[in-house]
Amino acid sequence: CEALGIKAGDINSSVGTFGIPEFGTKFVRQMLEDIKPNKFSQLVRVSGFSHGTDVWLNNAQDIIRNKVADVSETISARDDIMVYLIQKGVENSLAFKIMENVRKGKGVSPEQAEEMRRNNVPDWYIDSCNKIKYMFPKAHAVAYVLMAYRIAYCKVHYPLAFYAAYFSIRADEFDAAIITKGKDVIKTNIRIIEQKGNDATTKEKSLLTILELALEMLVRGFNFKKIDLYRSDSKKFLIEENSLLPPLSALQGVGSNAAINIVAAREHGEFSSKEDVATRAKVSKTVIEKLTEHGALDELPDTNQLTLFA
């Protein structure tokens with residue numbers, strides 16, 4: 001949040017990783033709050049924790065929270081086990097075999113545990129090995145974090161380009177009818193979805209992710225403009241000064257085909273009425289209603305018919 005120039009309370013999170021691959025989910029954001037990483041190597045550990053099974057929850061998380069060991073000592077990826085055991089003095093081939101057993105969820109045999117203790121491996125470490133069901137390879141974690149780090153850099157230093165790219169590519173459930181109404185409306189809709197918990201639909205969960213990122217963008221001092229019949233693209237968010245101009249398809253009820261048809265139709269001249277939009281763009285009554293509700297057709301009469309008598 002500090003890098004983004006905002007306060008944690010403004011976005012309901014102390015970490016500003018919304019929209020960052022591998023680090024944007026609620027699960028990983030909580031992990032970041034627990035660990036408070038300040039090194040690249042610690043971010044790699046977070047990636048390992050998040051991709052493993054029984055590696056973080058009821059395992060490394062408790063170890064760190066209870067101050068049994070530091071994050072750098074806990075197990076996050078496969079390689080950690082072998083390297084740690086070799087450093088402790090365990091014979092190389094045995095260290096490799098223990099790592100292989102643990103990553104496959106087989107745990108540590110009594111004989112292996114005894115050899116580990118003989119080399120001063122603490123019991124909490126052995127217990128941690130026995131809880132793990134699956135582990136991520138560190139090389140994969142490094143590749144993921146490198147990608148995420150680059151994107152995070154763009155988010156901090158080229159914010160509008162980041163938000164425009166994210167919403168254009170990843171935000172199929174973007175709802176301009178909600179988001180263009182400002183922070184209060186966005187916060188209200190976030191609360192409504194969160195209160196549903198596991199009862200929230202897949203669509204609502206996707207919308208929640210978009211609403212959180214949109215709120216963050218607004219808190220950072222940027223804005224969303226209303227969809228414009230003539231300036232909005234069919235599917236891409238456009239940067240205009242300090243704002244983003246949503247595409248026609250960002251309005252729920254206006255599908256991608258309808259948006260493409262409208263853009264194609266407007267190239268042949270301005271529309272004379274809502275009826276003209278429907279006819280030339282071959283869009284449904286529902287599309288016209290959604291655009292009208294949004295205010296994108298405010299300058300157009302309903303039809304081309306002239307009223308001769310008042």
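These numbers come from a predicted model, not from an experiment.
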Rounded distance [0.5 Å steps], [atom1] in [X] versus [atom2] in [Y]:
X	Y	atom1	atom2	result
D62	W56	CG	CH2	9.0 Å
K104	R78	NZ	CZ	9.5 Å
L238	S232	CG	OG	7.0 Å
T25	Q30	OG1	CD	11.0 Å
S206	F174	OG	CZ	14.0 Å
I227	L245	CD1	CG	8.0 Å

Would a 4.5 Å heavy-atom cut-off, applied to side chains only, mark [X] and [Y] as touching?
X	Y	result
V121	E115	no
I35	R45	no
I262	L291	yes
V46	L32	yes
N12	E194	yes
I151	F23	no
F271	L297	no
V90	Y84	no

For the residue pair [X] and [Y], what are the closest heavy atoms and their distance?
X	Y	value
I186	I179	CD1-O, 3.8 Å
R280	R266	NH2-CA, 4.2 Å
T180	P246	CG2-CG, 4.4 Å
I126	A113	CD1-O, 3.8 Å
E173	K203	OE1-CE, 3.0 Å
Q252	D172	NE2-O, 3.8 Å

Can [Y] be reached from [X] by stepping across I, L, V, M, F, W or Y side chains whose heavy atoms are under 4.5 Å apart?
X	Y	answer
F27	L43	yes
L146	Y158	no
I260	V283	no
V185	L207	yes
M147	F40	yes

Tell me whether [X] contacts the main-chain N or O of [Y] through its side chain, where contact means a donor paired with an acceptor under 3.5 Å.
X	Y	value
K133	K131	yes
D80	A77	yes
S128	W124	no
T74	A60	no
D70	S72	yes
N304	E275	no
R29	G24	yes

Over 60° means perpendicular and under 30° means parallel, so tell me whether Y144 and F136 are parallel, tilted or perpendicular.
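Judged by the thresholds at 30° and 60°, the geometry between Y144 and F136 is tilted.
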Please state whether the rings of F167 and Y163 are parallel, tilted or perpendicular, taking 30° and 60° as the class boundaries.
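F167 vs Y163 ring planes: parallel.
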Give the intermediate values and the outcome of salt bridge (Lys or Arg N to Asp or Glu O under 4.0 Å) for residues K97 and E100.
CA-CA 5 Å; K97 187 174 182 180; E100 286 294 286; over 6 Å; no
Begin from the C-alpha positions of M135 and I75 and carry the test side-chain contact (heavy atoms from CB on, under 4.5 Å) through to its verdict.
CA-CA 9 Å; M135 299 196 76; I75 304 168; 3.0 Å; yes
Pairing of [X] and [Y] as salt bridge, 4.0 angstrom limit:
X	Y	value
K183	D10	no
E212	K26	no
D233	K236	no

Run the side-chain contact (heavy atoms from CB on, under 4.5 Å) check on F162 and H157 step by step: do they pass?
CA-CA 9 Å; F162 165 80; H157 298 285; over 6 Å; no
Working for side-chain contact (heavy atoms from CB on, under 4.5 Å), residues T17 and K155
CA-CA 9 Å; T17 57; K155 180 177 181 178; 5.7 Å; no
Could you verify whether a donor N or O on one side chain and an acceptor N or O on the other, from [X] and [Y], lie under 3.5 Å apart?
X	Y	answer
S243	E241	no
E22	S47	no
Y125	E73	no

With side-chain contact (heavy atoms from CB on, under 4.5 Å) as the test, pick out the partner of I81 among V102, N101, V108.
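By the side-chain contact (heavy atoms from CB on, under 4.5 Å) criterion, I81 pairs with just one of V102, N101, V108: V102.
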Name the one of N189, T188, I190 that satisfies side-chain contact (heavy atoms from CB on, under 4.5 Å) with I178?
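Testing I178 for a side-chain contact (heavy atoms from CB on, under 4.5 Å) against N189, T188, I190 leaves exactly one candidate, N189.
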Between S13 and E33, is a side-chain contact (heavy atoms from CB on, under 4.5 Å) present by the stated rule, with each step listed?
CA-CA 9 Å; S13 175; E33 290 179 2; 4.0 Å; yes
